[in-house]
Amino acid sequence: MDFFEAVKRRRSIRKYLSDKVPDNVIHKALEMAALAPNSSNTQTWDFHWVKTENIKQKLIEACLFQSAAKSASDLIVVTANSKLWKRSQKSLIEWAKKSNAPSGVLDYYQKLLPIMYSHGPLNLFGFLKWIGITLAGLFRPMPRGPFTRRDMQEVAVKSAALAAQNFVLAISAQGYDSCMMEGFDSSRVLRVLNLSKRYTVVMVIAVGKTAENGTWGTQVRLPLTDVIHVY
């Protein structure tokens, strides 16, 4: 399917047929999700494919029994955790060495990345970074963060959201449908997946084949003149 066709085809489907989505369709979409752009290539995301029926039922409850969750063939939970930069650091350093990357790239992953993602107890180190960068920013352009743990988690959430977008477009391109749900009890979702509070539940994605009454009406968007600003 043409990319533009896949984008236009994608809708938030609220009810699905009982047809099972083939595993290879989900696998392919997850592969595309993992190719999404992300901050410093740290890949601080995880994709939890819920297939076991009893876990799925608990997740449906945590999603407030939404029809999209109840009728979905599969449920995918996308999470973010800024601490996962440590998981990828070694591989990124090895990649930089094997690729004969410029020395600046290797230094970035070995030295700068740990500083960027460190905030210290009670965000004290982050506060010191904020002071230093704010002062330096008086004289030249500077990146204004991240400083605190919350700032770093926000960066991770942005990356995970991009991955979720890749996933649903890949599902659409294969002729299936999805719904990115934000109406859920995040504490219960984490409990269902046995995850700590360090994880943020970015999205729960329902996947299936749309039923006849899976959506209603045409897609509504604001006029482009309202949202596109040219400078």
Side-chain angles (χ1 to χ4, degrees), residues 29-50 59 62-63 75-97 99 101 104-137 141-170 180-205:
L30 288 170
E31 288 173 4
M32 296 303 102
L35 292 178
N38 62 99
S39 179
S40 298
N41 204 21
T42 48
Q43 302 164 63
T44 51
W45 53 41
D46 283 302
F47 311 99
H48 309 268
W49 182 3
V50 178
L59 186 56
C63 289
L75 293 171
I76 308 292
V77 183
V78 183
T79 60
N81 181 353
S82 61
K83 286 284 186 182
L84 294 179
W85 70 269
K86 296 178 181 178
R87 179 178 66 181
S88 58
Q89 186 191 25
K90 183 179 178 181
S91 296
L92 291 169
I93 289 172
E94 291 176 354
W95 163 80
K97 289 178 178 177
S99 303
V105 174
L106 189 57
D107 286 342
Y108 179 83
Y109 286 122
Q110 287 181 321
K111 302 173 184 178
L112 187 57
L113 191 64
I115 294 173
M116 283 181 58
Y117 276 87
S118 296
H119 50 81
L122 301 177
N123 289 315
L124 289 177
F125 182 54
F127 180 64
L128 292 175
K129 287 194 291 183
W130 176 80
I131 293 174
I133 287 179
T134 300
L135 291 174
M142 294 291 293
R144 306 298 173 124
F147 302 119
T148 65
R149 180 183 178 274
R150 182 175 179 178
D151 291 341
M152 294 161 197
Q153 192 68 356
E154 183 178 306
V155 172
V157 168
K158 289 178 183 178
S159 293
L162 291 172
Q165 177 79 338
N166 265 28
F167 177 83
V168 298
L169 290 179
M180 292 195 280
M181 298 178 287
E182 293 185 276
F184 49 77
D185 184 325
S186 56
S187 294
R188 281 181 165 79
V189 173
L190 291 177
R191 198 151 59 238
V192 168
L193 300 177
N194 197 27
L195 296 174
S196 75
K197 293 289 186 181
R198 286 196 173 277
Y199 288 81
T200 297
V201 181
V202 178
M203 211 81 67
V204 180
I205 305 175

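- A heavy-atom distance below 4.5 Å is found between the side chains of K97 and L106.
- When atom types are taken as modelled, the side chain of N38 and the backbone of T42 share a donor-acceptor pair closer than 3.5 angstrom.
- Contact annotation: the side chain of K86 never approaches that of P114 to less than 4.5 Å [non-hydrogen atoms, C-beta and beyond].
- Around atom CZ of R150, no more than 12 heavy atoms belonging to other residues, nucleotides or ligands sit under 6.0 Å away.
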Practice item. List the steps, then state whether side chain to side chain contact (heavy atoms under 4.5 Å, CB included) holds for L193 with L59. Key: CA-CA 9 Å; L193 300 177; L59 186 56; 5.5 Å; no
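- Sparse packing is recorded around CZ of R188, with 12 or fewer heavy atoms of other residues, nucleotides or ligands lying under 6.0 Å away.
- Rounding to the nearest 0.5 Å gives a distance of 8.5 Å between CG of N166 and CE of M32.
- Rounding to the nearest 0.5 angstrom, the gap separating the OG atom in S82 from the CZ atom in R149 is 5.5 Å.
- Counting heavy atoms from C-beta on, the side chains of F167 and I205 come closer than 4.5 Å.
- For the pair L162/K158, no side-chain contact is recorded, criterion being any heavy-atom separation below 4.5 Å from C-beta on.
- Within 6.0 Å of CG in L124 there are more than 12 heavy atoms belonging to other residues, nucleotides or ligands.
- The distance from the OG atom of S196 to the CZ atom of R191 is 13.5 Å, given to the nearest 0.5 Å.
- Of all heavy-atom pairs spanning P146 and K129, the tightest one is O-NZ, 3.9 Å.
- A donor-acceptor pair is defined here as one N or O able to donate and one able to accept, closer than 3.5 Å; such a pair exists between the side chain of Q89 and the backbone of Y109.
- In terms of modelled atom types and a separation under 3.5 Å, the side chain of Q153 and the main chain of R198 share a donor-acceptor contact.
- Looking only at distances, a side-chain donor or acceptor of D151 sits under 3.5 Å from a matching main-chain atom of F147.
- A 4.5 Å side-chain heavy-atom check between V202 and T79 finds every atom pair outside the cut-off.
- Side-chain contact annotation: Y108 with S40, donor-acceptor N/O pair under 3.5 Å present.
- For the atom pair CE of M142 and CZ of R144, the computed distance is 7.5 Å after rounding to the nearest 0.5 Å.
- The two atoms that bring Y199 and L190 nearest to each other are O-CD1, 3.7 Å, heavy atoms only.
- Aromatic ring pairs are classed by plane angle as parallel below 30°, tilted from 30° to 60° and perpendicular above 60°; the pair W45 and F47 is tilted.
- Taking 4.5 Å as the limit, some side-chain heavy atom of I115 sits within range of a side-chain heavy atom of F125.
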Review point. Under the side chain to side chain contact (heavy atoms under 4.5 Å, CB included) criterion, do L75 and M181 qualify, and how do the steps go?
Key: CA-CA 10 Å; L75 293 171; M181 298 178 287; 4.1 Å; yes
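- For the pair Y117 and L112, the minimum side-chain heavy-atom distance is 4.5 Å or more.
- When only modelled atom types and interatomic distance are considered, K197 and S187 share a side-chain donor-acceptor pair under 3.5 Å.
- Here the straight-line distance linking atom CG of L195 with atom CG of N81 works out to 9.0 Å at 0.5 Å rounding.
- What you find for A163 and A36 is that their closest heavy atoms are CA-CB, 3.5 Å.
- Judged as a salt bridge (Lys or Arg N to Asp or Glu O under 4.0 Å), and not counting sequence neighbours, the contacts of R87 are D46.
- S88 and Q43 form no side-chain donor-acceptor contact under 3.5 Å, judged by distance and modelled atom types alone.
- Counting heavy atoms from C-beta outward, I76 and V204 have side chains that stay 4.5 Å or more apart.
- Note: D107 CG to I93 CD1 = 10.0 Å, rounded to the nearest 0.5 Å.
- Judged purely by atom type and a 3.5 angstrom limit, T44 has no side-chain atom pairing as donor or acceptor with the backbone of A80.
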